[in-house]
Amino acid sequence: MMVHRFAGCDLGKSSAKFVLGVARDDGTLELESVETVEHEGRPMDAFRDWYRRSEVASRAALGATGLHADELVKPVVS
């Protein structure tokens, strides 16, 4: 069975939410971690910290939503 590791974030005005998970070929999803950070007006600092700590670069996909999502570039899906 194939397992695809994914990441997602919601970069809002006052907080950032982050999720890591796996999607299996049978359609099941499993969340590995969920985190909310009050970023005090610095969403990209919170994003960079999470990205490094969570080794997001090793994931198959990264999706982004929220007010600051358009500050991220491909291959991020926003």
* **Side-chain touch Val73/Glu71, heavy atoms, less than 4.5 angstrom** => no
* Asked: Checking Arg59 side chain against Val22 main chain: does a donor-acceptor pair fall under 3.5 Å?
  -> no
* Structure fact -> Rounded to the nearest 0.5 angstrom, the CD-CG distance for Glu55 and Leu20 is 10.0 Å
For residues 2-14, which side-chain N or O atoms pair as donor and acceptor with protein atoms under 3.5 Å away, sequence neighbours left out?
from, atom 1, to, atom 2, distance (Å)
His4, NE2, Asp25, OD1, 3.3
Arg5, NH1, Ser58, OG, 3.4
Asp10, OD1, Thr65, OG1, 3.2
Asp10, OD1, Gly66, N, 3.4

* Only pairs at least two apart or in different chains count here, so list each ring pair (Phe, Tyr, Trp, His ring centres under 6.0 Å) that has a residue in residues 30-73. => Phe18-Trp50, Phe47-Trp50, Phe47-Tyr51
* **Common cluster, Leu72/Leu67, ILVMFWY with side-chain heavy-atom separation under 4.5 Å** => no
* Cluster check Val76, Met44: I/L/V/M/F/W/Y, side chain < 4.5 angstrom -> yes
* side-chain contact (heavy atoms from CB on, under 4.5 Å) between Arg53 and Arg48: does it pass, once the steps are laid out? -> CA-CA 9 Å; Arg53 278 186 299 106; Arg48 280 188 287 274; over 6 Å; no
